[in-house]
Amino acid sequence: MKLEQTACQIRINIINMLEKSQSGHPGGSLSLAEILTALYFKEMNIDPSNPKWEDRDRFVLSKGHGAPVLYAALAERGFFPKKELDNLRKVDSILQGHPDMKGTPGVDMTTGSLGQGLSAANGMALAGKIDKKDYRVYSVIGDGECQEGLIWEAAMFASHYKLDNLTVFLDYNGLQIDGTNKDVMNIEPIDEKFRAFGWNVLKIDGHSIEEIIKAIDKAKKTRGEPTIIIAKTSKGKGISFMENQVGWHGKAPCAEEACKALEELRGRL
Amino acid sequence: MTKMIATRDAYGEALKELGGMNKGVVVLDADLSGSTKTGVFQKEYPNRFFNVGIAEQNLIGTAAGLATAGKIPFASTFAMFATGRAFEIIRNSVCYPNLNVKIAATHAGLTVGEDGATHQALEDISIMRSLPNMVVLNPADAVEAKQCVLKAAEYRGPVYIRLGRSGVPVIFDESYKFEIGKAIELKGGSDVTIIATGIMVAKALLAGEDLAKENISARVINMSTIKPIDQDIIIKAARETKGIITVEEHSIIGGLGSAVAEVVVENYPTKVVRIGTMDTFGESGNGDDLLEKYGLTVENIVEKAKQIV
């Protein structure tokens, strides 16, 4: 199916990007390829030629270090020339290490400091309610990110103000920097926590485009509650030696590693 | 008898007026709407008022999101929590992306009074002015406070407005036109300059009068914009008088005094004496008693001014 191929291409872009920059976060970018594909190539009502279109759907990558997957999706979608991907994290680049709404066409909110993106996404959704607009707001948060208190302030707010135009994905890959979530700071039962905070909770395979699309559909039909889609994912998905490895959180692949990775990915294209 | 009006009260009234003029203005509070006076806006425009509860980081983050969608959010709580608790959110979600969020924080300084040290923001000017893109305003009276609010709404970008709990003398009349970045010489003088901000401006004027009785000609300047600071008026004062006293209801570290000293040292070095809290926390007490105890008095200004002359 075409969308699966796009997700694969996005993974290829991520590896290429990180090989050039020699800096960035492969693990938590690769885990989101299907989700970003479903959003940017199927679901979201956006216009690459008009990135600031008032009535557009919005996307906030609250786990901002996943920037490479966002940039890959934006480039493929035509928000900026693909060659910009070669300049990730370099001085004067339009692609900053973490999403920069001022410098990068298509980025709806500046993020990077965990917890803040969800708060901002709430603000966007709230604005939509105030103005009685139809646009949807999507956000991706990390499981480690759920350790930030601000996530819970935002969760309370979204439920209290019935932001049913907000749909959040939790990149549920179980890993963070110092180890697994379980070992570092347990977040379970995360589904019950969000339910207790008044959210509609869905659970899916985060690498199944079909399940992602079905879940978004359910979220759209849910009234009076924001939805969180707990997407079970693998950090480093798509590359055998990166999958489910803590070490690949923030380490860019060297030339040799990138080569191996691309071989695997291209084999699947 | 001079009218005494708290700048937070002026804020409440200004917001109400602003709400009528500009439909894009929305107001957020963190469970303190009775104290910050955002409740005045809420009564008039309940659909544009949002309480986030006791969650100051979310207060600012949500305001940032609203700003991206074209709203003009005014976010309020006590200065301590607005600038302290939410500092990093102000930095990374408001200032770095240069979003149009206005942070109007009340109960700044010692005069929050009996609540004591944990609630007395003495560092807010210092940390807010350290942020790129942030405009820092500290109005001296109710007239100026109202204009700060209206100007802040017109201005494109982050603004921090510092407001107080207690009534302060009205200094300006309706003919006054506040401009961001423009300090005002309230009283001419040639011996010494007193640059004051916020509630200390009224005291600076009284000090000026007392000094005049002793034949000391004190220039008194109201510096209501700490950032961008009015360099010209400072350099002129350094050049034309024997020295400068700065007065603020804030620590001597990093606030008005430091900002003025920075300008002086780089352009026209002269003596600058800072009056403020002396790198100490406050304590519980009646506002006026605290100002007295911590040296934020007319007498102290007069004494320091005499030392320069």
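Just so it is clear, the model here is predicted, and its values are computed rather than measured. Numbered from 1 within each chain, the chains take letters A, B, ... in sequence-line order.
Interface remark: of the candidates A:His160, A:Met156, A:Lys102, A:Lys102 forms the most heavy-atom pairs closer than 4.5 Å to chain B. Comparing B:Asn47, B:Ile54, B:Asn51 by heavy-atom pairs within less than 4.5 Å of chain A, the highest count is held by B:Asn51. The greatest number of non-hydrogen atom pairs below 4.5 Å with chain A, out of B:Ala69, B:Ser93, B:Ala64, is found for B:Ser93. The most heavy-atom pairs under 4.5 Å with chain B, out of A:Gly115, A:Ser113, A:Gly103, come from A:Ser113.
At least one side-chain heavy atom of A:Leu150 sits under 4.5 Å from a side-chain heavy atom of B:Ile89. You'll find the side chain of B:Thr68 stays beyond 4.5 Å of the side chain of A:Arg58, heavy atoms only.
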What's the verdict on side-chain contact (heavy atoms from CB on, under 4.5 Å) for B:Phe50 and A:Ile130, showing C-alpha distance, side-chain angles and the deciding distance?
-> CA-CA 11 Å; B:Phe50 304 95; A:Ile130 294 170; 3.5 Å; yes
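Atom NZ of B:Lys146 has 12 or fewer neighbouring heavy atoms from other residues, nucleotides or ligands inside a 6.0 Å radius. Within a 6.0 Å radius of CG in A:Asp134, no more than 12 heavy atoms belonging to other residues, nucleotides or ligands are found. Under a cut-off of 6.0 angstrom, the local environment of NZ in A:Lys193 is crowded, with over 12 non-hydrogen atoms contributed by other residues, nucleotides or ligands. Residue A:Arg89 qualifies as enclosed at atom CZ: its count of foreign heavy atoms under 6.0 Å is above 12. The neighbour count for A:Lys218 NZ, taken as heavy atoms of other residues, nucleotides or ligands under 6.0 Å away, does not exceed 12. Around NZ of A:Lys220, the count of heavy atoms belonging to other residues, nucleotides or ligands within 6.0 Å exceeds 12. Within a 6.0 Å radius of CZ in B:Arg129, more than 12 heavy atoms belonging to other residues, nucleotides or ligands are found.
Nearest heavy atom pair, residue A:Glu153 against residue B:Asn58, reads OE1-N, 3.0 Å. Between B:Leu66 and A:Ala127, the shortest heavy-atom contact is CD2-N, 3.8 Å. The minimum heavy-atom distance linking A:Gln116 with B:Glu88 is given by the pair NE2-OE2, 2.7 Å.
Within the 4.5 angstrom heavy-atom criterion, atoms from both the backbone and the side chain of A:Ala154 approach chain B. A:Met124 touches chain B through backbone and side chain together, each having a heavy atom under 4.5 Å away. Interface remark: A:Asp108 contributes backbone atoms only to the contact with chain B (heavy atom separation under 4.5 Å).
If you take CZ on A:Phe157 and CG on B:Leu28, they are separated by 6.5 Å, rounding to the nearest 0.5 Å.
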